[in-house]
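Any value given below was found using the heavy atoms of this structure, including those in side chains, with hydrogens, waters and symmetry copies removed. Not measured: the values here are computed from a predicted model. Throughout, protein chains are lettered first and strands after them, A, B, ... in sequence-line order, and every chain is numbered starting at 1.
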2 protein chains.
Amino acid sequence: MTKSNLMREVEERLADRRVRFTKGRRTVVSALSLTDGPLSAAELHLVIGNAIPLSSLYRSLAVLERAGVLEPHLGKKGVTRYELAEWLRGHHHHLVCIECGAVDDVELPENYESRVAELVRGIGDIARFTPMNHALEIEGRCARCA
Amino acid sequence: MTKSNLMREVEERLADRRVRFTKGRRTVVSALSLTDGPLSAAELHLVIGNAIPLSSLYRSLAVLERAGVLEPHLGKKGVTRYELAEWLRGHHHHLVCIECGAVDDVELPENYESRVAELVRGIGDIARFTPMNHALEIEGRCARCA
DNA sequence: TTCCTTGCAAACGATTTGCATTGGA
DNA sequence: TCCAATGCAAATCGTTTGCAAGGAA
């Protein structure tokens, strides 16, 4: 999805919910649309050049999460990282570095993703569970920390 | 695994690593072996009847985590809950019900688990990432809520 | 106007740490 | 004996909140 399309999608979603798409919120969505993985409030604060105070950032993140635009990922030391929700970013999985805590997104090649989906269906059958969504999270060492 | 076997396994592991299995650490492992889900430091503090001050609890948890006896489970509000490590509890995945929020553990049949492991290895190769651990989390509707 | 958002500073709560004391090998 | 573990209190750090000022509808 192009960035301007993305902003339009978000705008629409927020309008539906009577939530204002203010300058601060635009900045957050825009920054997250340009990065590879989830960012914490502090990381976001750096990325956007201290343009928005932390407290306002936290409030924007909370609003965007409640509106279903962002998804939180809980990290160590009580740090929460956010990324665009799946309906905006597309389906992907996470590589979490146990060394530095960085989270990278991977979009699997179709043959991999179909095997994951197949496993998920099979597990659902075994466990009498109706799968709606899945996430394969892999912990390990990223290229930088290996 | 019986509880006394479990304590013996932990004792052995700690001995190998020259880590003392003190009264406080025994209390923590024992409490966690008796509960169904992961517990936070505060919850543990309650469960063991304030027998150990919070700061000591945190230190015990840190030591046991570094020794590979406990695994942290990151929750909202910066709360970390701990459970016995996988080699003590068995490898499993999570089925999260989007209806009632319940989290069920599933232990996959060997042929499923090996396919998951194979995918994880393949993904690591693609992404230049060294996988150490993985977790497949499936969201959907549990049997009760379907 | 009226309600929502923002910025600042202070408050909060989970976790960590400095230091003196205790305890186990 | 002697280093690691403990208890207490104070410090840290991510996050939240009260309040007054700014903005959009």
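As rounded to whole Å, 16 Å separates atom P of C:dG13 from atom CD of B:E43. Between the CG atom of A:L54 and the P atom of C:dA10 there is a distance of 16 Å, given to the nearest Å. Summarising the geometry, the separation between CG on B:L61 and C1' on D:dA5 is reported as 14 Å, rounded to the nearest angstrom. Whole-Å rounding puts the B:N50 CG to D:dT6 P distance at 17 Å. In this structure, B:R20 atom CZ and C:dT22 atom P are separated by 16 Å, rounded to whole Å. For the pair A:K76 NZ and D:dC13 C1', the interatomic distance rounds to 17 Å; values are reported in whole Å. Put simply, CG on B:L74 is 15 Å from P on D:dG14, counting in whole angstrom units. Spacing between atom CG of B:L39 and atom C1' of C:dT15 amounts to 17 Å, rounded to whole angstrom units.
For the pair A:S60 and B:S56, nearest-nucleotide mapping onto DNA chain C gives the more 5' position to A:S60. Nearest-nucleotide mapping onto DNA chain D: of B:K23 and A:A42, the residue sitting toward the 5' end is B:K23. The residue among A:K77 and B:F21 whose nearest nucleotide of DNA chain C is located toward the 5' end is A:K77. Nearest-nucleotide assignment on DNA chain D puts the 5′-proximal partner with B:A51, out of B:A51 and A:G78.
For D:dT15, the OP1/OP2 oxygens have a side-chain nitrogen or oxygen of A:T80 closer than 4.0 Å. For the OP1/OP2 pair of D:dC8 and a distance below 4.0 Å, the side-chain nitrogens and oxygens of B:S55 include no atom meeting the criterion. Note on A:Y58: every side-chain N or O is 4.0 Å or more away from OP1 and OP2 of D:dT16. A sub-4.0 Å separation between OP1 or OP2 of C:dT5 and a side-chain N or O of A:T22 is absent.
A salt bridge does not link B:R89 with B:E71: none of the charged nitrogens is closer than 4.0 Å to a carboxylate oxygen.
For CZ of A:R128, the number of neighbouring non-hydrogen atoms (other residues, nucleotides, ligands) closer than 6.0 Å is 12 at most.
A side chain to side chain contact (heavy atoms under 4.5 Å, CB included) with B:F129 holds for exactly one of A:D104, A:V106, A:L95; it is A:L95.
Cluster annotation: A:L6 is connected to A:L61 through the hydrophobic network of ILVMFWY side chains, with a link wherever side-chain heavy atoms come within less than 4.5 Å.
Within the 4.5 Å cutoff, the side chain of A:H73 has no heavy atoms near those of the A:T80 side chain.
For D:dG14, its base never sits under 3.5 Å from the side chain of A:R81 at any donor and acceptor pair. B:R25 contributes no side-chain N or O that forms a donor-acceptor pair with the base of C:dG24 under 3.5 Å.
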